[in-house]
**Q** 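Would you mind keeping the following structure in view while I ask a few things?
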Amino acid sequence: MLRKSPFKHKKILIGITGGIAAYKIPQLVRILKKEGAEVQVVLSESAKSFVTPQTLSVLSEKPALSDFFKSDQGEWNNHVHLGLWADLILIAPAGANTLAKMSHGICDNLLMSVILSARCPIFVAPAMDLDMWTHPSTQSNIQTLVNRGVHMIEPEEGSLASGLEGKGRMAEPENIAHVLSGYLAPKPNYFLGKRVLVTAGGTQEPIDPVRYIGNHSSGKMGFAIAEQLIQLGAEVELVYGAVTVVPPTNCQSYQTRTAKEMKAKCDEIFPTCDVLIMAAAVADYHVVDVAAEKIKKTDDTLMLALAKNPDILKSLSEAKKEHQVLIGFALETEQEEFHALEKLQKKNLDCIVLNSLNNPKAGFAVDTNEVTLFCKDGEQYHIPTQQKDEVAAALLNKVGDWLSKTNP
Ligand code: PMT
């Protein structure tokens, strides 16, 4: 059977910046075109000293762009359109200057504007001299970009244009194509046919018939995860607490109120599930003596005795069978990574998803979130601020990849 290339019909934008390795990019364009990709080249001004737009236009069968306007007709090369057109952007070669500009959002040419407008995955193939590569400012810019989800194609070791030997050579075109091909190749869908228990929303702990202790969870994050899982072909069991939005209808769902009720429902369903994703915000304490009648405001102060709630996630992890996978969330306000990793370990989880209340566009109630996934083997993955459904899709994609490798 003929192999279907992962590049077939993929729209790939290659951004070339100034550096001697630019002379290798025509070869990469040829490889990608041969594999069936549509290639659009955008060059920085300095890239033209190393490779001609004419060569790239001929090989890509599209004008190689570098200016905001086509000089003869004054027509606009719409950077927003280019950023949205691409399925994948590759910046190669990317020098220290380009990495610094990307990390700081500097937007002083067409290529930088395209990068800032892009919504697709961005790959970067750095190329520079060895001391520039190891310089703390370059490494810090790289870390910033990686934390934002940019994919680095590590430079290779060897002789450099300066005559020195060391790390800094741009990866060879064949190797770059190999990395992109691995990324674009269809992945096994881990969640297809899996039974997944998802929790969402906040629990409420009654004080009296009219009052309760609760939190700001809307249910949006957990519901977004449930929706995405349904689209991936999973059989979803949804247990939710107090919410402000409507739950998905195309799965089994159960509304509970208190942490104890949520635990009872999860205890019932979990034994038949393959995966648990615990996005609910569960109250850690409940009121010891819930008043039977509405408490009157007779005194200036009111003392409520609180007792610890069961930890649903921890108790399920203690009951877990070998094949079962547990994923928790951690909502933090300080020493975020430390606390998330502590919960990962103490609750014996496979992964934990950290979100922080220090980002006003993350966490409770808002439509967006920014999360970092920590897996028990040390792998981590950051998902920048996006709509909760996009975060859910990216998260499940990453978790699915990780589980396919570690828990096939
Ligand atoms: O619903 P939204 O408005 O969209 O907001 C989403 C969210 C912020 C609620 C969600 O993204 C989130 O972070 N959920 C977990 C919140 C939380 O309770 O975090 P935690 O760090 O206190 O708890 C750690 C983990 O243990 C969580 O998976 C929690 O569900 C679980 N837990 C906590 C206490 C308890 N008694 N039992 C538990 O199982």
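One-based numbering along the sequence shown. In each ligand, atom 1 is the first atom listed, and ligand 1 is the first ligand listed.
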**Q** Quick check on contacts: which atoms of ligand 1 are under 4.0 angstrom from a heavy atom of Asp311?
**A** 35 (C), 36 (N), 37 (N), 38 (C), 39 (O)
**Q** Would you mind running through ligand 1 and noting each atom that sits below 4.0 Å from a heavy atom of Lys343?
**A** 20 (P), 21 (O), 24 (C)
**Q** Quick one: does ligand 1 sit under 4.0 Å from the side chain of Ala280, the backbone, both or neither, non-hydrogen atoms only?
**A** backbone
**Q** Once the angle between the rings of Phe123 and Tyr183 is folded into 0 to 90°, is it parallel (under 30°), tilted (30 to 60°) or perpendicular (over 60°)?
**A** perpendicular
**Q** Is it the side chain (CB and beyond), the backbone, both or neither of Lys388 that lies under 4.0 Å from ligand 1, heavy atoms counted?
**A** side chain
**Q** Side chain or backbone of Val371 under 4.0 Å from ligand 1, or both, or neither, by non-hydrogen atoms?
**A** neither
**Q** May I ask which of Gly222, Gly202, Ser217 has a heavy atom nearer to atom 1 (O) of ligand 1 than the others do?
**A** Ser217
**Q** Less than 3.5 Å apart, any donor N or O on the side chain of Thr406 or Asp377 sitting next to an acceptor on the other?
**A** no
**Q** Run the numbers for me: atoms of ligand 1, each under 4.0 Å from some heavy atom of Ala279, listed by number.
**A** 9 (C), 10 (C), 12 (C), 14 (N), 15 (C)
**Q** Keeping Asn141 on the side-chain end and Leu99 on the backbone end, is there a donor-acceptor pair under 3.5 Å?
**A** no
**Q** Heavy-atom contacts with Ala330 under 4.0 Å: which atoms of ligand 1 show up? List them by number with element.
**A** 21 (O)
**Q** For atom 11 (O) of ligand 1, what is the closest protein heavy atom, and at what distance to 0.1 Å?
**A** Asn355 OD1, 2.6 Å
**Q** Could you tell me the residue and atom name of the protein heavy atom closest to atom 6 (C) of ligand 1, and the distance to it rounded to 0.1 Å?
**A** Met221 CB, 3.6 Å
**Q** Rounded to the nearest 0.5 Å, what's the gap from CG on Leu313 to NZ on Lys347? Could you check?
**A** 5.5 Å
**Q** Taking the side chain as everything from C-beta on, heavy atoms only, tell me whether Ile176 gets closer than 4.5 Å to Val179.
**A** no
**Q** Just distances here: any N/O of Leu331 and N/O of ligand 1 closer than 3.5 Å?
**A** yes
**Q** So which heavy atom in the protein is nearest atom 26 (O) of ligand 1, and how far is it from that ligand atom?
**A** Lys347 NZ, 2.8 Å
**Q** Answer yes or no: is there a side-chain heavy-atom contact under 4.5 Å between Cys120 and Ile89?
**A** yes
**Q** Taking distance alone, with no angle check, do Gly328 and ligand 1 share an N/O pair under 3.5 Å?
**A** no
**Q** Rounded at 0.5 Å granularity, tell me how far NZ in Lys62 sits from CD in Glu38.
**A** 4.0 Å
**Q** For ligand 1, which part of Ile312 has a heavy atom less than 4.0 Å away: the side chain, the backbone, both, or neither?
**A** both
**Q** Is any side-chain heavy atom of Val239 closer than 4.5 Å to one of Tyr254?
**A** yes
**Q** Mind checking the OG1-CD1 spacing from Thr199 to Ile312? Nearest 0.5 Å is all I need.
**A** 7.0 Å
**Q** How far is atom 5 (O) of ligand 1 from its nearest protein heavy atom, and which residue and atom name does that atom have?
**A** Gly363 O, 3.5 Å
**Q** Can you tell which part of Lys314 has a heavy atom less than 4.0 Å from ligand 1: side chain, backbone, both or neither?
**A** neither
**Q** State the atoms of ligand 1, each with its element, that fall below the 4.0 Å cut-off from a heavy-atom position in Lys220.
**A** 1 (O), 2 (P), 4 (O)
**Q** Among protein heavy atoms, which lies nearest atom 2 (P) of ligand 1, and at what distance?
**A** Ser218 OG, 3.3 Å
**Q** For the backbone of Lys263 and the side chain of Glu268, can you confirm whether one donor and one acceptor N or O come within less than 3.5 Å of each other?
**A** no
**Q** If you count the atoms of ligand 1 from 1 in the order shown, which ones are under 4.0 Å from a heavy atom of Met278?
**A** 27 (C), 28 (O), 30 (O), 39 (O)
**Q** Between Lys376 and Asp350, does at least one N-O distance fall below 4.0 Å, as a salt bridge requires?
**A** yes
**Q** Taking C-beta and beyond as the side chain, do Val391 and Met221 meet within less than 4.5 Å on heavy atoms?
**A** yes
**Q** Would you call His339 a ligand 1 contact, heavy-atom distance under 4.0 Å?
**A** no
**Q** For Ala365, counting its heavy atoms only, list the atoms of ligand 1 lying under 4.0 Å from any of them.
**A** 2 (P), 3 (O)
**Q** If you measure from atom 36 (N) of ligand 1 to every heavy atom of Ala242, Pro310, Gly241, Ser317, which option wins on shortest distance?
**A** Pro310
**Q** Report yes if some heavy atom in the side chain of Ser356 is under 4.5 Å from a heavy atom in the side chain of Thr333; otherwise report no.
**A** no
**Q** Which residue and atom name correspond to the protein heavy atom nearest atom 34 (C) of ligand 1, and how close is it?
**A** Asp284 OD1, 3.3 Å
**Q** Rounded to the nearest 0.5 Å, what separation is found between the NZ atom of Lys320 and the OG atom of Ser315?
**A** 14.0 Å
**Q** Quickly, which of Leu110, Thr98, Ile91, Asn109 forms a side chain to side chain contact (heavy atoms under 4.5 Å, CB included) with Ser44? Name it, please.
**A** Asn109
**Q** Before signing off on this row, confirm whether Phe329 and ligand 1 have an N or O atom pair separated by under 3.5 Å.
**A** yes
**Q** Write out the residue and atom name of the closest protein heavy atom to atom 18 (O) of ligand 1, then the distance separating them to 0.1 Å.
**A** Ala281 CA, 3.5 Å
**Q** Find all atoms of ligand 1 within a distance of less than 4.0 Å from any non-hydrogen atom belonging to Leu313, and give their numbers and elements.
**A** 25 (C), 26 (O), 28 (O), 31 (C), 38 (C), 39 (O)
